[in-house]
Amino acid sequence: MASFRFKALEEVLSRTPKQVDIPSDRISDFFASNVFGKESMREYLSKEAFESVNSAIDKGTNIDRKIADQVASSMKAWASKKGATHYTHWFQPLTGSTAEKHDAFFEPHEGSAIEKFEGTQLVQQEPDASSFPSGGIRNTFEARGYTAWDPSSPAFVIGKMLCIPSVFVSYTGEALDYKTPLLKTLSAVDKAAVDVCQYFDKNVTKVISTLGWEQEYFLIDTAFFNSRPDLMMTGRTVFGHSPAKGQELEDHYFGSIPARVTAFMRDFEIECYKLGVPIKTRHNEVAPNQFECAPVFEEANLAVDHNQLLMDLMEKIAMNHNFRVLLHEKPYARVNGSGKHNNWSLATNTGKNLLSPGKTPKTNLQFLTFFINTIKAVYENSDLLRACIASAGNEHRLGAHEAPPSIMSIFIGSQLTSVLKELEVKVKKGKMSADEKTDLKLNIIGKIPDILLDNTDRNRTSPFAFTGNKFEFRAVGSSANCATAMIVINAIVADQLIKFKGQVDELIEKGIGKDEAILQILRSYIVSSKNILFEGNGYSEEWVKEAAQRGLSNIKSAPVAFDAFVSAKTISLFENLKIYSKVEQYARHDIYLELYTKKIQIESRILGDLAQNHIVPTIIKYQNVLLENLKGLKEVLPPADYKKHSLILLRMVTEISERMAIIISKKEEMVESRKKVNKMIDSREKAVAYSDSVKNYFEEIRYHVDKLELMVDDEMWPLPKYRELLFTR
Ligand code: ADP
Ligand code: MG
């Protein structure tokens, strides 16, 4: 009987690209056609309702019950025209799952939910929240949670479902999702940044945070996916020897995209466009069968929703093309992992990017203010930044030599490095002379736009890089919800800007001129935070040593990284900004630990099962073939010849036995270790033990399995091999 692996291989080789029809040659004909955005709202809503929703979007004002009824009935009319028959509040619980998994929560109200859609249903829903993680909040308080409409992200239709972006909170008001704290941090950074902007431009009344994510992912044929239980259960391969050819030639990066993949991309891009997700670029990534897509940047809340939507759509549409999308951070050992670069900036209502230098020394000083405050914020909160990208999946990726290291550092390029150096030298503590001020303005601050134009030195090894007009946070995991990073960046920058304003105002009160006061405080930040700036190779061993000398943390383990979520500093930071209560922070910490433990536990189980049920029986079969061969040789050969010719076979037979013995005994030890760890009550202690003890067995067992893969008859090997997973198309 042919094994699953060969059936899968046959199936994959017989595939042809699927025909994809484009609704129209002009994307603008169908872009956002399934979104209840400003245009549709203008068409369907009364003037009063339209203005009320807009004011809710721009100013965060409340929408009253009467208006909500109006919006609901218009939304219903619009959605029905698009073929929708049901509605659902679409939200992002802390499981990290996407919209697809929430379908069970729509309530069909006698099969015609959409008929009964009123303001109350639009504004609030009460899903049975008992199976979503709450970190113990619901146990101590009330069993129910509810979802509430977020008017700042437009509703949309997928298939027959009207989806209403919503927040998800417990009955007593604690956030159980990503969106609630995100919205709070966005308004915190808005307020803090507007206040600082007043030094430079009184017309600034609103500052939005912008996010442009880049999503990396792997594609794999469904047939292969289904014949790899590890991929099915965990999203990554726990075994598999490197293929003869890996990614070393980097020929995939510039290669043309295979036809089947192009068809898939086109298909999901069309769906993205209909939902208003402004996907712009697509290309191959470094690893074989790895790809990336990126949109035009948007306001952060919308961008986060769009990324969640994209991940969901990708998975659904890939199935129509017989592909599975791997969003895991490290699906294959010794092959590049996947990240999600979060490009972040701040923009004003006057149309100015605050991380882009302007034409005058004044706007450049504004640029320097936001640029240096961000550096200071990252320096002061680097452990928190490290914590927000930590996960079981990203732990496999970070610190592997081709991924961003787990040391947080910032790359700013050589030109800005010298600008900061000059500011440090030239800004004087006391009063500065007129000449000194002119020199600063003309020769340093005034020249920034010119030097940035040719700022081409990009550093791909930095976890946090300034790239001309934005910071790029590259260490975010590919499966993560972008909100985790956005919450932290916006919160720490808001906190920092508030402190900055306080310090500058204090100097101004003492009679120091505004610009001088700003420069003096910025200079002190340059001095205090320069240890986080690093221009060299972040993947190198030297950097690990140097970072240690500089006193920067290098936290490899995710459960230990999570500690920063509940440090005294973080707790007061989020409390002061009114983003999280202490209870919410401890709850979240607990949820992350539990999620980590569960994921490693599942990996450990599947690894043990595969070793015992797939690998061991296969190698025994092969060993029997060798033994048969030995018997045959013994029958036909004279004893002296037998002795000579049986040597190599005997060596193979014993090597199999030796490796098998290690695999089985290590697997047993791993199970014992798991049993012990599972008895632990404290969730941190347990997660740390999973990371330090249970996970340690993975590499050792894998090593022997992978060696055997090279030895055993290819026809007998049950699991599709790396060369097949990565190169067949
Ligand atoms: P790469 O990093 O691959 O070289 P680009 O420099 O072209 O790519 O841009 C990467 C991402 O940066 C894009 O997704 C884009 O939307 C985003 N981006 C550009 N400007 C901003 C901004 N002001 N705020 C947030 N994101 C931005
Ligand atoms: Mg990038």
Side-chain angles (χ1 to χ4, degrees), residues 31 182 185-186 189-190 193 197 204 206-217 250 252-254 257 265 269 272-273 276-287 290-311 314 336 338-358 363 366-367 370-371 374 378 402-404 410-413 416 449 452-476 478 480 482-483 485-490 493 538:
F31 188 78
L182 176 67
T185 47
L186 294 178
V189 81
D190 172 13
C197 281
V204 174
K206 186 169 174 76
V207 169
I208 61 160
S209 157
T210 53
L211 163 64
W213 39 263
E214 301 163 61
Q215 177 74 52
E216 293 178 342
Y217 62 96
E250 301 212 344
H252 183 67
Y253 197 50
F254 298 106
I257 301 177
M265 286 179 172
E269 280 165 7
C272 281
Y273 290 144
V277 184
I279 290 293
K280 206 180 76 181
T281 59
R282 54 151 104 129
H283 60 78
N284 289 350
E285 261 305 323
V286 179
Q290 190 188 26
F291 306 92
E292 181 189 291
C293 65
V296 177
F297 69 92
E298 300 176 280
E299 184 277 323
N301 178 37
L302 196 58
V304 167
D305 282 0
H306 280 166
N307 182 247
Q308 288 298 113
L309 205 51
L310 172 112
M311 292 195 286
M314 272 172 119
N336 267 15
S338 301
K340 172 145 51 197
H341 303 173
N342 278 209
N343 296 275
W344 169 88
S345 189
L346 294 170
T348 66
N349 60 308
T350 54
K352 175 101 188 65
N353 176 351
L354 290 170
L355 288 175
S356 176
T363 43
Q366 177 173 286
F367 158 74
F370 284 92
F371 176 67
T374 306
V378 170
E402 82 297 333
I410 307 178
F411 168 85
I412 58 170
L416 282 168
L452 270 189
L453 278 182
D454 53 48
N455 179 21
T456 43
D457 51 344
R458 288 286 199 94
N459 184 326
R460 299 255 160 217
T461 66
S462 173
F464 203 90
F466 184 71
T467 52
N469 58 0
K470 61 194 182 288
F471 279 99
E472 181 174 355
F473 192 15
R474 307 177 67 244
V476 182
S478 49
C482 294
M486 287 297 111
I487 290 166
V488 168
I489 292 178
N490 287 301
V493 170

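Atoms within a ligand are numbered from 1 in the order they appear, just like the ligands themselves. Every heavy atom of this structure was used, including side-chain atoms; hydrogens, water molecules and symmetry mates were not.
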For Glu214, the ligand 1 atoms whose distance to one of its heavy atoms is below 4.0 Å: 1 (P), 2 (O), 3 (O), 10 (C), 11 (C)

Heteroatom proximity flag, Thr210 to ligand 1, N/O under 3.5 Å: yes

Flag side-chain contact, heavy atom, 4.5 Å: Trp344 against Thr374: yes

Ligand-residue contact atoms, ligand 1 with Trp213, heavy atoms, under 4.0 Å: 14 (O)

Stepwise side chain to side chain contact (heavy atoms under 4.5 Å, CB included) check, Thr210 with Asn353: CA-CA 9 Å; Thr210 53; Asn353 176 351; 5.9 Å; no

From CG (Leu416) to CD1 (Ile410), nearest 0.5 Å: 12.0 Å

Side-chain donor or acceptor of Thr461 paired with backbone N/O of Gly538 under 3.5 Å: yes

Region of Glu472 that comes within reach of ligand 1 [heavy atoms, distance under 4.0 Å]: side chain

Geometric N/O contact Phe297 with ligand 1, under 3.5 angstrom: yes

Val296-ligand 1 polar pair, N/O distance under 3.5 Å: no

Spatial distance of atom OH (Tyr217) from atom NZ (Lys340) [nearest 0.5 Å]: 13.0 Å

Per-atom contacts of ligand 1 with Arg460, taking only distances under 4.0 Å to non-hydrogen atoms: 4 (O)

Nitrogen or oxygen of Trp344 less than 3.5 angstrom from that of ligand 1: no

For Asn353, the ligand 1 atoms whose distance to one of its heavy atoms is below 4.0 Å: 23 (N)

Backbone of Lys206 reached by a side-chain donor or acceptor of Asn349 within 3.5 Å: yes

From Cys293 atom SG to Leu310 atom CG, the distance as rounded to the nearest 0.5 Å: 4.5 Å

